[in-house]
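Order of appearance sets the numbers: ligands from 1, and atoms from 1 within every ligand. Along the sequence shown, residues carry numbers from 1. Values in this document were obtained by computation on a predicted structure and should not be read as measured data. Heavy atoms only: backbone and side chains are in, while hydrogens, waters and symmetry mates are out.
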Amino acid sequence: MLYPQTNAARTVVSLDGVWNFRTAGATDYPTEWTDAPLPEPMPMAVPGSYNDQNDETNLRAHYGWVVYQRTVEVPAALLKNSRAVLRFDAATHAADVYLNGEKLGSHKGGFLPFEFDVTDKLKAGSNLLAVAIDNRVNQSTLPVGNEGNVAFFGSDNAGIPSVEAGKQWALEHTPQNMPNFDFFNFAGLNRHVELYITPKSYIADIAVITKSIGGEGEPAVIGYDVTLGGEGAAPADVHVSIVDASGATVAEASGATAGDIEIPAAHLWNPGAAYLYTAVVTLADAGEEVGDEYRQTFGVRTIEVKGRQFLINGKPFYFKGFGKHEDSFFHGRGTDQVLNVKDVSLIHWLGANSFRTSHYPYAENMYDLCDREGIVIIDETPAVGMSWPQYTDKALFEHHSQVIRDMIARDKNHPCVVMWSIANEPWYDQGGEKSENALKYFTPLRDLVHEVDPQGRPATVVCCQNDYTKDLVTRTMDVVCLNRYYGWYNLSGNLDAACYALNVELDFWDEIGKPVMFTEYGADTVEGIHGTHGEMFSEEYQREYFARVDAEFDKRDWIIGEQLWNFADFSTIQGPMRVEGNRKGILTRDRQPKMAAHFLRDRWKAIPDFGYKA
Ligand code: GCB
């Protein structure tokens with residue numbers, strides 16, 4: 001799916017701004033709020049999560065539906081002989097969309113874009129756009145939640161004699177989201193909303209693939225594949241120009257929707273040394289006033305898992321970085337370019353070269369920045385919090401498959417994306433039939449990734465601290481990705497014991513023979529807590545924890561990377577283990593370094609992107 005762009009043939013009208021907003025019911029919303037102005041609305045900025053934007057209402061505790069509304073003014077000239085599309089970069093987690101009172105459709109899933117062709121529905125002048133959004137998470141959504149406050153009343157120490165009666169009471173009196181994941185359930189129109197206009201015959205999609213490379217400055221072959229939409233356009237009308245970073249056209253092809261193009265002296269896209277080309281695809285006038293155009297940036301680079309190495313452009317890459325979150329004060333998970341630019345500058349400052357989009361695909365503008373800045377991304381679906389009964393759920397499997405297809409369709413051309421993560425920490429190490437069901441669930445998803453990614457990038461499932469001997473899934477992935485908390489949740493506060501247990505496990509993975517990387521390890525740290533012997537939660541403990549664990553990684557040449565948890569502190573649900581959220585950041589939530597950040601900066605600046613263990 002192409003990101004909307006304005007060019008000689010296309011126009012994007014941003015629908016960002018301050019919308020009208022109301023909370024609705026837990027299970028539905030008044031239909032009259034979709035075809036007439038909202039009564040007594042509150043202002044709500046888009047993009048932005050609604051949760052932290054209003055203090056008169058406790059929007060953090062809201063459960064269920066909300067309604068957003070605005071008018072869309074459309075100049076008549078824009079609609080002449082053109083196609084109009086309404087696009088949502090995301091609506092978290094489920095949305096019903098209405099234009100002038102007519103329902104355009106619904107979308108499930110809060111982290112990927114969706115759009116509606118509104119060519120025949122949009123009027124010149126004023127249009128009323130209403131979007132109803134549901135923030136509920138349950139066993140059929142990704143991410144996964146527990147409806148009915150199971151977490152409150154599901155345990156023996158809840159303090160009431162009947163768990164079932166407690167759940168029922170909670171549903172009736174204090175319904176609330178109980179996420180099975182450790183980040184605040186920020187919801188609403190978290191990303192941009194656009195109306196975009198194309199010619200009636202249009203370029204629907206473009207895939208660019210690096211087929212072969214030589215060295216820097218040597219010839220490279222790229223493949224392109226253009227999908228056409230509308231009536232009247234023919235492959236003969238397609239023209240592709242490859243434009244380099246200076247604006248010079250370096251290669252061209254015409255007359256076919258797919259083919260190979262040789263770039264005579266190609267600059268490679270490398271981590272830390274990005275180089276971007278643009279494929280300018282045009283569709284000649286197909287009997288209309290204008291033909292279409294789309295400018296798709298791409299990088300020339302290859303990715304391969306070979307033996308126990310992860311190769312970028314044929315060279316062994318070492319991942320240095322973290323898992324992140326889209327999370328900040330006031331915005332919640334709302335997309336924020338200032339924050340993205342700041343975070344990218346901090347990634348450079350830290351000497352890191354990569355991150356995982358834990359635990360959902362991020363807004364597209366972050367991938368654009370990473371393409372440009374040479375930062376490597378492991379792109380993750382929102383499948384977080386799954387456990388064994390779900391591995392036999394066919395409807396969930398279908399939804400998960402669709403999310404994978406949509407994520408890869410959206411992000412396939414980004415050179416920064418080097419691996420796909422199918423899920424974070426599904427719980428599947430119970431052994432026997434339970435482990436086997438998990439294997440039956442995840443194997444086809446791994447194969448699906450390989451099938452639908454035109455660039456054939458590797459696939460992984462990021463696994464949680466578990467009985468690794470009973471975990472049948474992790475070892476079948478292209479790269480073994482481990483989240484481990486020896487010294488924090490396990491063997492708390494004892495780093496000698498933590499290193500011992502870590503090494504026992506590493507001996508196991510050595511036998512398995514795959515490339516292994518750590519995708520989480522860390523320690524909650526409240527800035528300003530100190531101690532001569534650095535106990536848990538102190539800045540000294542976090543620093544020492546990374547120094548000790550990283551030293552173990554350095555002893556094994558098949559450990560291909562370290563992505564700690566987390567880049568910065570982030571907001572979570574309230575709970576006895578969370579002090580204003582999760583504090584495992586090496587930066588505070590307002591992006592100030594803790595002591596460990598300085599240690600890691602020194603370490604990472606000394607580790608090269610390529611050949612660290614070769
Ligand atoms: C994990 C999860 C992550 C949590 C982290 C923690 O394993 O993947 O979402 O935030 O642990 O700090 O507990």
Side-chain angles (χ1 to χ4, degrees), residues 110-111 137 141-146 151 177-186 319 321-328 332-333 355-362 378-387 419 421-429 460-468 471 473-474 477 480-493 498 501-502 505 516-527 536-537 541-542 545-546 549 561-589 594 596:
F111 300 94
V137 286
T141 60
L142 297 176
V144 177
N146 296 307
N177 272 305
M178 296 306 293
N180 204 19
F181 49 89
D182 182 38
F183 49 92
F184 191 80
N185 188 31
F186 285 118
F319 293 81
F322 11 70
K324 277 181 102 272
H325 268 297
E326 291 185 312
D327 173 279
S328 69
R333 208 165 314 295
F355 65 89
R356 175 169 58 115
T357 67
S358 39
H359 295 309
Y360 36 81
Y362 289 4
I378 300 173
D379 207 0
E380 184 157 281
T381 74
V384 49
M386 296 183 67
S387 62
M419 180 154 65
S421 165
I422 294 166
N424 178 71
E425 299 200 342
W427 187 42
Y428 49 43
D429 64 323
T460 193
V461 167
V462 168
C463 88
C464 64
Q465 185 102 43
N466 63 13
D467 179 348
Y468 38 88
D471 166 354
V473 174
T474 304
M477 293 294 143
V480 168
C481 288
L482 305 177
N483 293 355
R484 293 295 181 266
Y485 288 95
Y486 295 111
W488 188 256
Y489 294 123
N490 311 56
L491 305 166
S492 314
L502 173 66
E505 175 167 1
V516 173
M517 68 178 284
F518 281 76
T519 32
E520 285 185 27
Y521 60 111
D524 281 272
T525 305
V526 180
E527 71 278 12
M536 292 173 78
F537 292 100
Y541 186 78
Q542 189 188 37
Y545 171 94
F546 288 126
V549 175
E562 51 193 68
Q563 290 191 335
L564 55 79
W565 193 251
N566 186 290
F567 174 72
D569 293 348
F570 56 91
S571 188
T572 63
I573 194 171
Q574 310 177 57
M577 292 207 300
R578 296 287 176 260
V579 186
E580 247 206 335
N582 186 309
R583 309 304 295 269
K584 293 192 188 68
I586 54 170
L587 307 170
T588 57
R589 197 176 183 214
K594 300 178 190 171

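- Not one N or O on the side chain of Asp524 forms a donor-acceptor pair closer than 3.5 Å with the backbone of Phe537.
- Here the side chain of Asn177 pairs a donor or acceptor atom with the backbone of Val137 at under 3.5 angstrom.
- The shortest heavy-atom distance from Phe181 to ligand 1 is not under 4.0 Å.
- Distance CZ/Phe111 to OG1/Thr381: 10.5 Å, rounded to 0.5 Å.
- At the shortest separation from atom 4 (C) of ligand 1 among protein heavy atoms lies Asp182 OD2, 3.3 Å.
- Side-chain atoms of Thr357 come within 3.5 Å of backbone N or O of Glu380 as a donor-acceptor pair.
- Every salt bridge (charged side-chain N to carboxylate O under 4.0 Å, His left out) that Asp569 has, sequence neighbours left out, goes to Arg583, Lys594.
- Using a non-hydrogen distance threshold of 4.0 Å, Arg484 does not register as a contact of ligand 1.
- Relative ring orientation between Phe355 and Tyr362 is described as parallel, the plane-to-plane angle staying below 30° on a 0-90° scale split at 30° and 60°.
- Ligand 1 places these atoms under 4.0 Å from at least one heavy atom of Arg578: 6 (C), 12 (O), 13 (O).
- Distance alone, capped at 3.5 Å, places no donor-acceptor pair between the Ser421 side chain and the Val461 backbone.
- Residue, atom and distance of the protein heavy atom nearest to atom 13 (O) of ligand 1 are Tyr489 OH, 2.5 Å.
- Around atom 11 (O) of ligand 1, the closest heavy atom drawn from Arg583, Glu520, Lys584 belongs to Glu520.
- Contact between Phe183 and ligand 1 is absent, with no heavy atom of the residue lying under 4.0 Å from the ligand.
- A search for salt bridge (charged side-chain N to carboxylate O under 4.0 Å, His left out) contacts involving Glu425 returns nothing, not counting sequence neighbours.
- Close approach of ligand 1 to His359 (heavy-atom distance below 4.0 Å) involves ligand atoms 3 (C), 8 (O), 9 (O).
- Looking at Asp524 against ligand 1, nothing comes within 4.0 Å, counting heavy atoms.
- Aromatic ring orientation, His359 versus His325: perpendicular (interplanar angle above 60°, classes split at 30° and 60°).
- Atoms of ligand 1 found under 4.0 Å from any heavy atom of Phe570 (numbered from 1 in listed order, with element): 10 (O).
- In the vicinity of Asn483, heavy-atom distances shorter than 4.0 Å reach the ligand 1 atoms 8 (O).
- Set against the non-hydrogen atoms of Glu425, the atoms of ligand 1 under 4.0 Å away are 1 (C), 2 (C), 7 (O), 8 (O).
- Numbered from 1 in the order shown, with element, the atoms of ligand 1 that lie under 4.0 Å from a heavy atom of Asn424 read 8 (O).
- When heavy-atom distances to ligand 1 are checked against a 4.0 Å cut-off, Thr572 has no atom that comes that close, whether in backbone or side chain.
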